[in-house]
Amino acid sequence: MLLSSLERTKFGYVPDTGCARRIVWADGGDVGKPIKQITIVGGGTAGWMSALLLMSLLKTSKGKGPKIKLIESPNIPTVGVGEATVPGMPRTLKTAGISEQEFFRTCNASFKLGVLFDNWNVDKAGKPISFVNPFARPPSIDGIDAASYFAKYGAGGVDFSQIFSPTIDLARQFRGPRALNSGEYAQGTGFAYHLDAGLFAKMLRDVCIKRGVEHIMEDMERVELDERGYVAAVHLAKTGRHPVELVLDCTGFRSLIIGEALGEEFISYSDYLANDRAMAVQLPHPDPEKLEPMTRSTALGAGWTWRVPLYNRIGTGYVYSSAHRSDQQAMDEFKQSLGDLGRDAEPRVIPMRIGRNRNAWVKNCVSIGLANGFIEPLESTAIHMIDTSIRWLVTYFPDSDFAAPPRARYNKLVTKAYEEVRDFICLHYALGNRTDSQYWIDAREELKVPDSLAENLELWQHAMPGPYDLDFVSLFSPWTYQAVLMGKRVYETDYAAKNFESSIGFDPDKWKKYVVQTRRQITQTVKNAADHRTLLRQLRGEAEPAPAGQPWALMGGFASGGGSATVQMPGQRAPAPQRVDASKAVPEAPSKSDESDDFNLL
């Protein structure tokens, strides 16, 4: 049980920047006994990330904490989730004491500055729309949201995100989020990472074993329950019975402990989200020197494809609905979208269980990662959910009494987090306007919209998403919703009410001044940023430092502040992964009027 007073010093907690509370381990005490060992069943990203964060967050100044045992099957491959991540990832790596250089080198990582959505909507003329959702918050101008100003006046032909984020401008020139010689984890332009999920899990495994995690490679044969229905032990094929105090179920979609042994109900989200299959393949870079610093999501006939450019290859796949495409039909459509590189591709089909457990924590078992739930990977939330779940577990870490209130609060938070992701994913479909396939018609007209989202969609017809609209925010803020609504150009169609924000006192001169100043700042940011490939080479320890005072040096062929862009951005169709023609002109921004064996998911 958690204590409510810092005066109870034998077994209390202290504030910590990585989580709300940190358990302080001490001998003795007249309450439930401290958990001495945590058993994790299942490896992969979920298992090893859980082990690493628990080790990092449960340590005291004396280095004490529970022992961790991780049991991993040598015969069952993992579904590698999270080739793309969200901006909390740098904090997680720093918390775990992992060098950014080692991370980039080991995981063939690259920078992610946002997500480009292509062909999810069409404009008034029926032309496909592209937009970028960057890792930045649009500002307000004297209390009025920039989105409101943009909806009324536009910004001289630039995309909405370009009036507060350099993401599109950086991507057009294949540049990263920082200058050379900036140091590890240097901040500036918002970023996350692309990574090889299989290699990432192996890196975490090596770090954990080095730091003292007991690693057992055996198949689990059965789960033993005690008279209360708690997990008493797990029985392994070779070494037999292993007693359990607290167990983390990281067994993936199979959910062997919380689902099979404890019988916890699984709540399907199939009424809200149709996609239940994915296929993935790895491809070579068509032009290795032109490394795009963003994830792409391109809508096809029965779902969407992802494109994640790693340092050494491209990870791509198709997420689709089995009610609208057979596996063979989906494979044919996917390979056709890949162009020449897809001719010999052999994608692997991955069934997806979409939804969550009714409770993530049951008795003395906590389900993490795919064992607890999964929502289609449109917004790269898989690793985030693992990270956040472990931090909340540390906040409400139990003792041997397993008191109900901490468990109930943990379950409430995890449920809200899954519903938050579900609602944001549903937004992309509910506001779609394509009519060229039954899938997109059904996604808009047949799928249920969660009540929490439906209420806001009605509200946002009258006003932009704002700080009082969402009941729970751990990842997707009102300004993230603004980026999607503006990117889809819904306020240029019949979505907005006739009196949409009619009471706002706009000042067009202030807006013009803001846009001019911001665009100048973004131009300077791009000028100072390093070529993405060159930056990664330096972070991996493979390139010479840039000359002092010349952070834009070694720009991979671009002069400072110049160079022709060959990345197609909003307003243009996403390119098939074929060799880029460097002679093509910079595409016009839209006008307001017009190597692991794991199965790696985005």
Side-chain angles (χ1 to χ4, degrees), residues 44-46 49 79-86 88 115 117 120 133 192 197 250 252-255 258-259 264-280 295 297 299 302-306 308 317-323 350-360 367-389 392 411-432 443 447-454 470-477 480-481 484 599-602:
T45 302
M49 190 170 184
V79 177
V81 297
E83 285 219 319
T85 63
V86 297
V115 182
F117 293 88
W120 281 74
N133 189 359
C250 299
F253 286 132
R254 295 166 296 146
S255 194
I258 201 167
E264 183 63 10
E265 178 187 359
F266 184 80
I267 298 175
S268 173
Y269 284 169
S270 60
D271 286 345
Y272 306 106
L273 297 165
N275 295 334
D276 57 358
R277 309 280 278 180
M279 54 182 61
T295 302
S297 170
W304 55 273
T305 65
W306 75 81
V308 176
Y318 186 16
V319 177
Y320 60 98
S321 164
S322 63
I350 308 166
M352 300 187 302
R353 184 183 70 155
I354 305 300
R356 61 171 176 85
N357 292 330
R358 182 171 60 92
N359 290 301
S367 53
I368 301 292
L370 299 181
N372 183 55
F374 186 67
I375 300 173
E376 65 175 78
L378 182 62
E379 291 289 346
S380 311
T381 53
I383 288 181
H384 167 78
M385 297 298 282
I386 297 168
D387 185 348
T388 303
S389 296
W392 286 335
N411 283 329
K412 182 177 181 179
L413 286 172
V414 172
T415 295
K416 283 183 174 292
Y418 274 89
E419 290 176 347
E420 177 193 23
V421 175
R422 177 202 64 193
D423 285 8
F424 191 65
I425 301 301
C426 287
L427 173 78
H428 293 73
Y429 296 100
L431 292 180
L447 291 177
K448 290 183 179 179
V449 177
D451 291 342
S452 49
L453 176 62
L470 303 173
D471 294 331
F472 180 85
V473 176
S474 72
L475 184 60
F476 301 119
S477 71
T480 313
Y481 278 85
V484 175
F599 295 155
N600 289 341
L601 288 176
L602 175 62

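As the structure is a computational prediction, the values presented were derived from the model and not from experiment.
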Note to self: Is a donor from one side chain sitting under 3.5 angstrom from an acceptor on the other, for Ser367 and Asn357?
What the structure shows: yes
Item checked: For the student: nearest non-hydrogen atoms of Ala46 and Ile386, plus distance -> CA-CD1, 3.6 Å
Checklist line | Min side-chain heavy-atom separation Phe476-Val421 under 4.5 Å | finding: yes
Next item on the list: Please determine, by modelled atom types, if Tyr481 and Asp423 share a side-chain donor-acceptor pair under 3.5 angstrom.
Entry: no
Next item on the list: Over all heavy atoms of both residues, which pair between Val473 and Glu420 is shortest? Give the atoms and the distance, please.
Entry: CA-OE2, 3.5 Å
Notebook entry, point to check: Side chain of Ser380, backbone of Thr85: donor and acceptor closer than 3.5 Å?
Noted result: no
Notebook entry, point to check: What residues, two or more places apart in sequence or in another chain, satisfy ring-ring contact (aromatic ring centres under 6.0 Å, His included) together with Tyr318?
Noted result: Tyr320
Notebook entry, point to check: Should Arg358 and Glu264 count as side-chain neighbours, where that means a heavy-atom distance under 4.5 Å?
Noted result: yes
Margin query: For a quick test of reading the model, state the closest non-hydrogen atom pair linking Phe253 to Pro351 and the distance between them.
Written below: CE1-O, 3.6 Å
Check: Considering all heavy atoms of both residues, which atom of Ile258 and which atom of Ala371 are nearest to each other, and what is their separation?
Finding: CG2-O, 4.1 Å
Item checked: Straight-line distance of Thr305 OG1 to Met279 CE, nearest 0.5 Å -> 12.0 Å
Notebook entry, point to check: Between Ser477 and Thr480, is there a donor-acceptor pair closer than 3.5 Å when you use the side chain of the first and the backbone of the second?
Noted result: yes
Item checked: Pairwise side-chain contact, Leu378 with Ser297, heavy-atom cut-off 4.5 Å (strictly under) -> yes
Check: Can you name the nearest heavy-atom pair linking Val449 to Ala454, along with the distance?
Finding: CG1-N, 3.7 Å
Check: More than 12 foreign heavy atoms under 6.0 Å from CG of Asp471: is that the case here?
Finding: no
Next item on the list: Search all heavy atoms of Ala360 against all heavy atoms of Asn411 and return the closest pair with its distance.
Entry: N-OD1, 3.1 Å
Next item on the list: Determine whether Leu470 and Phe472 make a side-chain contact, defined as any pair of heavy atoms from C-beta on separated by less than 4.5 Å.
Entry: no
Note to self: To the nearest 0.5 Å, what is the distance between CE on Met352 and CG on Asp276?
What the structure shows: 6.5 Å
Checklist line | Side chain proximity check, Ile354 to Ser270, heavy atoms < 4.5 angstrom | finding: no
Check: Quick one: do the Ser452 and Glu419 side chains pair a donor with an acceptor below 3.5 Å?
Finding: no
Check: Any side-chain donor-acceptor pair under 3.5 Å between Trp304 and Glu376?
Finding: yes
Next item on the list: Please say which of Asn372, Ile368, Asn359 ends up in a side chain to side chain contact (heavy atoms under 4.5 Å, CB included) with Val414.
Entry: Asn372
Item checked: Verdict with reasoning, Cys426 to Leu273, per side-chain contact (heavy atoms from CB on, under 4.5 Å) -> CA-CA 7 Å; Cys426 287; Leu273 297 165; 3.9 Å; yes
Next item on the list: State, without any angle test, whether Glu379 and His384 hold a side-chain donor-acceptor pair at a distance under 3.5 Å.
Entry: no
Checklist line | Within 45° cone of Phe374 ring axis and under 6.0 Å: Arg356 NZ or CZ | finding: no
Next item on the list: Report yes if some heavy atom in the side chain of Ile375 is under 4.5 Å from a heavy atom in the side chain of Phe424; otherwise report no.
Entry: no
Margin query: Quick one, Asn275 with Ser321, criterion side chain to side chain donor-acceptor pair (under 3.5 Å). Give me CA distance, side-chain angles, the key distance, then yes/no.
Written below: CA-CA 4 Å; Asn275 295 334; Ser321 164; 5.1 Å; no
Margin query: Checking the side chain of Arg422 only, and the main-chain atoms of Tyr272 only, is there a donor and an acceptor separated by less than 3.5 Å?
Written below: no
Margin query: Is there a side-chain contact (heavy atoms from CB on, under 4.5 Å) between Ile350 and Arg277? Walk through the geometry before answering.
Written below: CA-CA 6 Å; Ile350 308 166; Arg277 309 280 278 180; over 6 Å; no
